[in-house]
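Notes follow the structure.
We count ligands from 1, going down the list as the structure has it; atoms in each ligand are counted the same way.
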Amino acid sequence: MAVEQHVDHVIVTCKAQSYKAKNIIIATPPVLASKIHYTPQLPVKRAKLLQSMIMGAVIKVHLAYNKPFWRHQKLNGAVVATDRAVSVVFDQSPQNESHGVLLGLIEGDYAVELSALDADTRRKRVIADYVYYFGHQAAHPLEYVEQDWLTEEWSQGGYVAHMPPGAMTTYGDCIREPFDRIHWAGTETATEWTGYLDGALQSGIRAAKEVINKQAI
Ligand SMILES: Cc1cc2nc3c(=O)[nH]c(=O)nc-3n(C[C@H](O)[C@H](O)[C@H](O)COP(=O)(O)OP(=O)(O)OC[C@H]3O[C@@H](n4cnc5c(N)ncnc54)[C@H](O)[C@@H]3O)c2cc1C
């Protein structure tokens, strides 16, 4: 993808076609914004900021059972662990208990490790953790669904991009600063709830206002 700024407009060129606009808002994760080809080049601070903001690592799994069996053992289905691959589990069963669903999250180093495994081995690792937490009834889920955010082309990780030491102090002051006709949104640019959907919405509203105010001048 390419973004070309001219005196009074911007051209965005994708694989399929080109678009012309007065201003644009880029709301992709920073790592993906850094892969866009810009003419003229991004200011150094902005380019370095985008390169510095690395995505975290997370894999999300859903395991479905015919009943939320853990509830009948007076367990709430919630887990927080630091020493196993599935480090967070929530009960995500429907209220009518027509079936049971346990959502699991694999984060950080464990996510990187499990992402590199073949799908069958990863599934076995995940189920082993569920059996450790909930007993043998967790061994045979009716369905197993996973989303590896590390290999998702248009995210390249999750939950959010974060800054290593030095990035904020060196480049951070330009995080919401437009580059002529390019404005920046995305949860990473939020001033509250960064890394969450609320932050994404806040950033979109802020960037839209920037463009509207500019056009009013
Ligand atoms: C497993 C997981 C669980 C989460 N749970 C929660 C939760 O419970 N609550 C919560 O508030 N938040 C949660 N989050 C975080 C939340 O998903 C993000 O904060 C939010 O999606 C960020 O929104 P965004 O619009 O900034 O970016 P995104 O949602 O990443 O949207 C960016 C969009 O840009 C598109 N894109 C990328 N590159 C290009 C390109 N070159 N050209 C065109 N389009 C492009 C992508 O396809 C994508 O649609 C979770 C995230 C993950 C990964």
Counting each atom of ligand 1 from 1 as listed, which ones have a heavy atom of [X] under 4.0 Å away?
X: T187; answer: 19 (O), 22 (C), 26 (O)
X: G186; answer: 26 (O)
X: L32; answer: 37 (C), 38 (N)
X: W149; answer: 1 (C), 53 (C)
X: A27; answer: 32 (C)

Under the side-chain contact (heavy atoms from CB on, under 4.5 Å) test against L50, which residue among I175, L42, V31, L32 passes?
L42

Looking only at protein heavy atoms, which one is nearest to [atom], and how far off is it?
atom: atom 5 (N) of ligand 1; result: Y159 CD2, 4.4 Å
atom: atom 48 (C) of ligand 1; result: W154 O, 4.5 Å
atom: atom 24 (P) of ligand 1; result: A200 CB, 3.8 Å
atom: atom 42 (N) of ligand 1; result: M1 CE, 3.2 Å
atom: atom 39 (C) of ligand 1; result: T28 CG2, 3.5 Å

Please indicate, with yes or no, if any protein heavy atom is found under 4.0 Å from [atom]?
atom: atom 1 (C) of ligand 1; value: yes
atom: atom 45 (C) of ligand 1; value: yes
atom: atom 7 (C) of ligand 1; value: no
atom: atom 28 (P) of ligand 1; value: no
atom: atom 11 (O) of ligand 1; value: yes

Show me, pair by pair, the donor-acceptor contacts under 3.5 angstrom made by side chains of residues 161-168, not counting sequence neighbours?
residue: H162; atom: ND1; partner: I54; partner atom: O; Å: 3.2

Donor-acceptor pair between E107 and Y159 side chains, under 3.5 angstrom:
yes

No-hydrogen, no-angle side-chain donor-acceptor test under 3.5 Å, H72 and K67:
no

Does any part of the side chain of Y130, heavy atoms only, come nearer than 4.5 Å to the side chain of V89, both counted from C-beta?
yes

For E4, enumerate each residue passing the salt bridge (charged side-chain N to carboxylate O under 4.0 Å, His left out) test, keeping only those at least two apart in sequence or located in another chain.
none

Determine, using heavy atoms of G195 and all atoms of ligand 1, whether some pair is separated by less than 4.0 Å.
yes

From the list Q147, Q92, E146, side chain to side chain donor-acceptor pair (under 3.5 Å) partner of H62 resolves to Q92

Side chain to side chain donor-acceptor pair (under 3.5 Å) partner of Q202, chosen from T191, T189, T194:
T191

For atom CD of Q41, decide whether the heavy atoms of other residues, nucleotides or ligands shown that lie under 6.0 angstrom number more than 12.
no

More than 12 heavy atoms of other groups within 6.0 Å of H140 NE2:
no

List the steps, then state whether salt bridge (Lys or Arg N to Asp or Glu O under 4.0 Å) holds for D118 with R122.
CA-CA 6 Å; D118 66 78; R122 185 166 50 245; over 6 Å; no

Hey, is ligand 1 close enough to L197 that some N/O pair sits below 3.5 Å?
yes

Looking only at heavy atoms, is any part of Y196 under 4.0 Å from ligand 1, and if so is it the side chain, the backbone, or both, or is it neither?
both

